[in-house]
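These notes are about the structure you will find just below.
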Amino acid sequence: MALLNITLCTKIPLKCHFHTSDHTYCPAQKVLPKKQIEAPRSVVVSLCESASRASLLALLSASLFIVDPALAYKGGGPYGSEVTRGQDLTGQDFSGRTLIKQDFKTSILRQANFKGAKLLGASFFDADLTGADLSDADLRGADFSLANVTKANLSNANLEGAFATGNTSFKGSNITGADFTDMPLREDQKEYLCKVADGVNPTTGNATRDTLLCN
């Protein structure tokens with residue numbers, strides 16, 4: 001059984017180079033200090049295959065992180081391709097736009113203008129909508145979970161089937177004519193909204209108090 005020495009070179013991806021007393025297979029390049037390991041040929045081949053696989057996996061893993069930072073958010077939607085997730089969009093004008101399933105997760109949307117926008121299925125998860133104008137907006141199926149919707153204008157907005165789980169707050173918001181049909185709300189939020197609920201939604205014809213199931 002022949003015994004071999006292993007020399008690891010700096011070439012990338014990492015390759016094993018063998019040499020015996022008669023043959024040398026290491027290219028002319030700077031070589032790291034040799035580690036002399038005596039082993040049967042079958043063990044040496046196995047070590048080389050493992051080193052090659054490990055090097056390839058390392059290169060592939062590294063390549064996954066070399067991306068445009070903006071792409072990491074995967075924001076946008078089928079109608080609004082710009083990145084809107086995790087962004088500071090204070091005061092931005094989205095009025096009248098079609099932004100179905102748009103991703104606004106964790107974004108700062110203070111005083112943003114969404115008047116009359118089509119936002120079906122949009123996500124405002126953990127977003128800050130303080131003072132935002134959502135009047136006349138189509139917000140059916142939108143997600144307001146953990147969102148701060150204080151002092152917002154939701155007049156005549158259609159929120160049928162929207163979500164508001166967690167600590168979502170609508171304190172100080174104008175909800176005249178808003179439709180909350182099938183929108184789950186914490187009991188304390190429902191009680192608060194029922195105190196200020198008024199009007200009829202011009203699109204659905206439903207009274208705001210009725211959609212909130214106020215007593």
Side-chain angles (χ1 to χ4, degrees), residues 75-80 82-215:
Y79 298 94
E82 70 269 33
V83 176
T84 53
R85 177 181 179 180
Q87 306 295 304
D88 186 346
L89 301 169
T90 300
Q92 292 292 308
D93 186 4
F94 298 100
S95 59
R97 292 183 57 182
T98 298
L99 297 167
I100 297 171
K101 295 184 179 179
Q102 191 76 13
D103 189 352
F104 291 99
K105 290 186 184 76
T106 69
S107 287
I108 300 172
L109 298 159
R110 290 171 170 262
Q111 289 81 46
N113 185 3
F114 291 98
K115 182 177 177 63
K118 291 180 174 60
L119 293 156
L120 292 80
S123 178
F124 295 99
F125 181 89
D126 199 22
D128 185 355
L129 288 153
T130 302
D133 186 353
L134 295 157
S135 60
D136 302 303
D138 190 344
L139 292 158
R140 287 175 292 171
D143 186 3
F144 290 95
S145 299
L146 301 178
N148 183 359
V149 201
T150 58
K151 300 180 180 179
N153 184 0
L154 289 162
S155 60
N156 298 327
N158 187 355
L159 296 107
E160 291 180 285
F163 301 92
T165 57
N167 295 322
T168 305
S169 175
F170 294 94
K171 188 174 182 179
S173 292
N174 177 3
I175 62 166
T176 301
D179 191 329
F180 291 92
T181 300
D182 296 327
M183 182 176 183
L185 293 163
R186 294 197 325 271
E187 194 60 33
D188 63 313
Q189 283 296 298
K190 177 183 172 182
E191 290 179 5
Y192 169 77
L193 292 175
C194 282
K195 292 178 181 178
V196 296
D198 192 16
V200 175
N201 187 274
T203 302
T204 65
N206 297 324
T208 300
R209 289 184 60 80
D210 291 343
T211 65
L212 286 167
L213 303 177
C214 300
N215 297 326

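All values derive from a computational prediction rather than experimental measurement.
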Inspect the contact between Asp138 and Lys118 and indicate whether a charged nitrogen and a carboxylate oxygen are less than 4.0 angstrom apart. no
Test side-chain hydrogen bond (donor to acceptor under 3.5 Å, both in side chains), reference Lys115, set Asp136, Asn153, Asp133, output is Asp136
Chi angles and distances behind the side chain to side chain donor-acceptor pair (under 3.5 Å) call for Ser145, Thr165: CA-CA 5 Å; Ser145 299; Thr165 57; 2.8 Å; yes
Is a side-chain donor-acceptor pair under 3.5 Å present for Thr84 with Gln102? yes
Quick check: closest heavy atoms across Pro202 and Gly177, and the distance to 0.1 Å? CD-O, 4.3 Å
Looking at Leu212 and Lys190, what are the two nearest heavy atoms and their distance? O-CE, 3.0 Å
When you measure from the side chain of Arg186 to the backbone N and O of Gly166, does any donor-acceptor pair fall under 3.5 Å? yes
Check each of Thr211, Asn201, Asp179 against Asn206 using the side-chain hydrogen bond (donor to acceptor under 3.5 Å, both in side chains) test, and report the only one that passes. Asp179
Heavy-atom count around Asp88 CG within 6.0 Å, excluding the residue itself: above 12? yes
Side chain Thr208, main chain Val200, donor-acceptor under 3.5 Å: no
What residue pairs, at least two apart or across chains, pass ring pair (Phe, Tyr, Trp, His ring centres under 6.0 Å) with a residue in residues 85-131? Phe94-Phe104, Phe94-Phe114, Phe104-Phe114, Phe104-Phe124, Phe114-Phe124, Phe124-Phe144
To the nearest 0.5 angstrom, please state how far the CD1 atom of Ile175 sits from the CG atom of Leu134. 13.0 Å
Short side-chain to backbone donor-acceptor contact, Ser173 and Val149, under 3.5 Å: yes
Evaluate the criterion side chain to side chain donor-acceptor pair (under 3.5 Å) for residue pair Thr106 and Asp126; output intermediate values, then yes/no. CA-CA 5 Å; Thr106 69; Asp126 199 22; over 6 Å; no
Once ring pair (Phe, Tyr, Trp, His ring centres under 6.0 Å) is applied, what residue pairs with a partner in residues 169-204 remain, sequence neighbours excluded? none
